[in-house]
Amino acid sequence: MRNKWIGKAALLASALSLAIPCGTTGVAAKADEIRVALFIDAGVGYRGVVPAVTLSSDSGLAMELQSESGDVSLPDMPGNAARFKVDQLQVTLIETPSKSEAQRIATLAAQKKLDASIQVEGNDAQPFYRVVSGSFESYQAAQTHAQKAKALGVAPKITGPYHLDAGQYGSLKEAAQIEAVFESAGVPAHVVLVPTGKNKAGYGVWVGSEVNKDSLAKLSVTASAVLPTISYRTATAQSYVLVNRELSGGSTIYQYAFAPQSTLVVEPDKGGGTPLIGVLERDKRKYRGHFELSRYNGYLTVVNQLPVEEYLYGVVGSEMATGWPLEALKAQAVLARTKAMSQPNKYKVADVSDTVNEQAYYGYTKEAADIRRAVDQTEGEVIRYNGKLVEALYYSNAGGITADGTEVWGNPVPYTHVVESEDAAPQATAIMWYRVELADGTIGYIRSDYVTISGTNSLGLQTGIVNTDNLNFRNGPSATYNKVLQTLSIGTAVTIISEEPEENAYSWTRGPYTAQEVTTMINNSKAGSFSSPISTLTVSERGPSGRVIAMEADGRELTVSSPDAHRSIFKQGDSSLRSTRFTVEELGGFTMVGANGRVSQAKGSGQLYAISGSGYGTMPANGFSDDFVVYTGSSEWSVLSKTKKFLFRGNGFGHGLGVSQYGAKAMAEQGLDYRQILEYYYNDITIGE
């Protein structure tokens with residue numbers, strides 16, 4: 001059953017020693033294969049889990065149950081998609097004969113960020129629905145989850161992995177009929193697939209889902225009242241799969257809950273074309289190879305195992321775009337192969353994750369003919385320094401110049417160096433945004449294509465009219481990271497103060513943030529501890545490429561684990577600054593009074609800014625003293641109160657150490673091949689198998 005797709009070459013078997021334990025079974029990967037964790041919590045690196053995973057294949061799914069007692073091929077089950085989870089503690093939110101009520105509770109749970117699935121129980125003539133949530137190794141964790149679920153207006157109940165064995169049956173249909181009898185009587189039951197002989201599994205029925213063994217005696221009395229002819233005993237099998245039905249979209253699919261001590265291997269059943277498995281919880285992406293499901297550190301762990309070269313098809317297509325120059329794609333292929341082989345067994349049950357903690361891997365979904373050609377034409381090639389694999393360092397954009405190791409990790413990296421990098425292409429093609437003033441003096445950003453130029457004002461600044469309705473007026477030139485200040489209606493008049501490109505891989509801004517917001521960021525990151533909002537934020541030291549390696553707030557140095565960690569201090573949600581090649585601009589907001597006694601607002605520093613009702617004035621960057629005065633024409637305005645904001649302007653996307661992907665693209669467009677590209681960004685390396 002275990003059809004492995006053989007790679008084209010045995011790729012550096014000594015470098016890729018992948019004898020990796022999976023669950024308790026000690027499953028080993030082939031020397032030319034790699035194990036990629038899509039969901040795992042190994043305590044280091046990527047940590048992301050789901051209570052259940054939905055797999056599908058156009059040709060159907062074939063399953064093998066692996067344990068210390070041996071490997072068993074499971075019977076073919078109906079359908080091309082199924083849900084998988086570990087048989088452990090969970091929380092039942094509600095049991096109801098109403099499908100719509102079950103869907104309402106499941107939707108409400110999702111709104112509260114509590115996962116929920118709807119199991120279909122009973123028979124087809126009289127079904128009822130059980131809404132369950134979570135998957136937990138400990139009773140305490142399940143209890144905590146149940147307390148949260150009470151906010152849904154339900155009476156949650158914890159269920160567990162202890163069952164009564166109600167015997168073996170000759171077919172799925174027969175076992176399902178017995179299960180339905182129990183469920184219709186209000187007693188939870190499951191069809192179960194259990195090993196019955198050498199490489200065989202049969203159908204059984206297990207009753208109950210108890211949280212401990214002590215509950216089974218009472219359950220036995222209840223079960224006997226339903227079907228007294230059955231001899232019940234405690235289910236003791238260490239290798240099994242419980243079978244349930246579950247609503248998924250508008251249809252019903254099978255759900256398989258496997259024994260915590262086992263590993264469940266899932267691969268496409270027989271069929272033509274490229275055998276693929278889809279993963280709903282990974283944005284419906286499709287993958288080559290097979291999947292291994294196990295419990296690791298208390299959580300469902302999902303690992304995709306496949307040949308290294310086929311893995312690289314998915315990596316190169318995820319890290320670069322199809323249509324980029326072939327030589328740039330080939331450079332990426334060599335980098336990705338080197339990275340994959342330089343850290344085997346990082347996650348104990350997997351070599352790498354599918355995230356940028358190692359390198360992005362979106363599977364077959366990102367493959368293309370030119371991507372596969374780039375991988376095939378560099379087959380087996382890796383980068384070495386002094387005979388050893390390098391740590392393949394690459395990132396999106398250097399912002400014009402690459403980093404020195406001291407600017408990223410605080411220590412030199414001998415095979416990298418500071419070089420100029422032609423990365424500006426993303427900025428050249430970016431949509432332009434206008435920085436504008438409204439009639440009431442409010443300043444913000446709108447996209448240039450939503451403004452029709454109408455003329456110029458007395459100061460020589462262009463004026464315009466908003467040409468669309470409900471236009472978002474933002475505090476910066478990005479629809480992704482900058483917040484909406486208000487919406488503008490069609491016909492709104494604006495004065496254009498300046499223009500700048502939309503945030504892109506080469507140039508970006510963050511903020512402006514208030515002093516309180518920046519102070520909170522610093523305190524939350526533990527880079528410093530401030531009891532009141534900071535007054536100053538400065539870069540106190542830069543490295544050879546101009547990247548930030550030290551910063552001060554109110555004269556106190558911020559504490560970071562490495563220079564590159566400065567960008568993690570100033571987070572907006574989960575998003576850090578794109579690079580450490582940035583500057584900090586201090587912006588002020590002032591309430592001012594003029595000679596005629598009117599109060600007005602002034603915003604900004606260091607450049608031309610609007611002062612409502614009076615014209616324009618230039619404010620010095622350090623102009624925050626209480627006696628600060630702005631002269632606008634013949635009027636004199638004095639500061640009544642002031643605020644301060646901080647704007648981050650930067651170049652580049654990533655740590656900057658090693659190869660810039662946009663730089664590689666530019667070099668390939670100029671006719672350089674992949675070896676020349678790699679040898680430009682790296683020192684004294686060799687490229688080969």
Side-chain angles (χ1 to χ4, degrees), residues 23 37-43 46-56 81-95 102-103 105-121 129-152 154 156-162 188 190 209 211 240-249 252-264 266 277-284 291-304 349-350 353-355:
L38 274 62
F39 298 103
I40 192 171
D41 186 347
Y46 168 65
R47 304 176 72 181
V49 294
V50 289
V53 64
T54 311
L55 305 183
S56 62
R83 291 263 285 171
F84 299 89
K85 65 188 305 180
V86 181
D87 182 29
Q88 53 186 12
L89 295 161
Q90 61 182 9
V91 176
T92 297
L93 303 179
I94 190 174
E95 293 179 338
Q103 291 173 325
I105 294 298
T107 300
L108 186 59
Q111 292 171 350
K112 298 290 186 180
K113 300 188 183 305
L114 299 174
D115 69 278
S117 60
I118 304 173
Q119 293 181 1
V120 184
E121 306 294 355
Y129 305 91
R130 180 178 293 128
V131 183
V132 299
S133 180
S135 180
F136 310 98
E137 186 179 36
S138 72
Y139 188 84
Q140 182 178 3
Q143 197 170 40
T144 299
H145 192 79
Q147 287 295 323
K148 293 179 182 178
K150 288 182 179 179
L152 305 177
V154 299
K157 180 176 69 174
I158 300 172
T159 59
Y162 294 93
H190 317 269
S209 295
V211 298
Y240 62 86
V241 177
L242 300 181
V243 181
N244 294 293
R245 292 183 299 159
E246 183 176 310
L247 283 182
S248 178
T252 301
I253 64 174
Y254 279 103
Q255 178 210 86
Y256 303 105
F258 60 93
Q261 302 86 354
S262 299
T263 295
L264 190 62
V266 183
I277 290 183
V279 182
L280 179 66
E281 290 75 14
R282 272 294 191 246
D283 299 320
K284 300 181 181 179
F291 279 85
E292 290 186 3
L293 313 178
S294 64
R295 184 177 74 170
Y296 183 71
N297 281 350
Y299 297 98
L300 172 66
T301 297
V302 181
V303 174
N304 178 207
V349 295
S353 72
D354 65 340
T355 72

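FYI, the numbering just counts along the sequence from 1. Quick caveat, the model's predicted, so the values are computed rather than measured. In what follows, every heavy atom counts, from backbone to side chain, and hydrogens, waters and symmetry copies are set aside.
- Looking at His190 and Ser209, their side chains come closer than 4.5 Å, going by heavy atoms from C-beta outward.
- Taking the side chain as every heavy atom from C-beta outward, Leu293 and Tyr256 never approach each other to under 4.5 Å.
- Contact annotation: the side chain of Leu264 never approaches that of Ser294 to less than 4.5 Å [non-hydrogen atoms, C-beta and beyond].
- Gln90 approaches Gly134 most closely through the heavy-atom pair CB-O, 3.4 Å.
- The two atoms that bring Tyr240 and Ser262 nearest to each other are N-OG, 4.3 Å, heavy atoms only.
- Taking NE2 of His145 as the reference point, atom CD of Gln140 lies at 14.5 Å (rounded to 0.5 Å).
- No more than 12 heavy atoms of other residues, nucleotides or ligands lie within 6.0 Å of OH in Tyr299, so this atom counts as exposed by the packing criterion.
- Remark: Arg295 is not positioned above the aromatic ring of Phe258, lacking an NZ or CZ atom under 6.0 angstrom from the ring centre and at most 45 degrees off the axis.
- For the pair Thr159/Leu89, no side-chain contact is recorded, criterion being any heavy-atom separation below 4.5 Å from C-beta on.
- Rounding to the nearest 0.5 Å gives a distance of 9.0 Å between CG of Leu108 and CG of Leu114.
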Under the side-chain contact (heavy atoms from CB on, under 4.5 Å) rule, what do Tyr254 and Arg245 come out as? Steps first, then yes or no, please. CA-CA 5 Å; Tyr254 279 103; Arg245 292 183 299 159; 4.0 Å; yes

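- Contact annotation: the side chain of Pro156 approaches that of Lys150 to within less than 4.5 Å [non-hydrogen atoms, C-beta and beyond].
- Here the shortest heavy-atom pairing between Val303 and Ala350 reads CG2-CB, 4.2 Å.
- In this structure the side chain of Pro188 reaches within 4.5 angstrom of the side chain of Arg130, judged on heavy atoms.
- Taken to the nearest 0.5 Å, the CG atom of Leu55 stands 9.5 Å off from the CG atom of Leu280.
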Evaluate the criterion side-chain contact (heavy atoms from CB on, under 4.5 Å) for residue pair Phe136 and Ile158; output intermediate values, then yes/no. CA-CA 10 Å; Phe136 310 98; Ile158 300 172; over 6 Å; no

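- Considering all non-hydrogen atoms of both residues, Ala149 and Val154 come closest at O-CG2, 3.5 Å.
- Between Ile253 and Thr54 there is a side-chain heavy-atom pair separated by less than 4.5 Å.
- Nearest heavy-atom pair, Ala109 versus Ala116, reported as atom, atom and distance to 0.1 Å: CB-CB, 3.9 Å.
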Let me see the working for Glu281 and Arg83 under side-chain contact (heavy atoms from CB on, under 4.5 Å), right down to the final yes or no. CA-CA 11 Å; Glu281 290 75 14; Arg83 291 263 285 171; 3.0 Å; yes

Assess the residue pair Leu300 and Val49 against the criterion (side-chain contact (heavy atoms from CB on, under 4.5 Å)); give the C-alpha distance rounded to whole Å, side-chain angles, the decisive distance to 0.1 Å, and a yes or no. CA-CA 7 Å; Leu300 172 66; Val49 294; over 6 Å; no

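- Here the closest heavy-atom approach between residue Glu137 and residue Gly298 is recorded as OE1-CA, 3.3 Å.
- Taken to the nearest 0.5 Å, the CG atom of Leu242 stands 4.5 Å off from the CG atom of Asp87.
- For the atom pair CG (Leu152) and CD (Gln111), the distance works out to 9.5 Å, reported to the nearest 0.5 Å.
- Between Val53 and Phe291, every side-chain heavy-atom pair lies at or beyond the 4.5 Å cut-off.
- Atoms OH and CD, on Tyr129 and Gln119 in that order, are 13.0 Å from each other to the nearest 0.5 Å.
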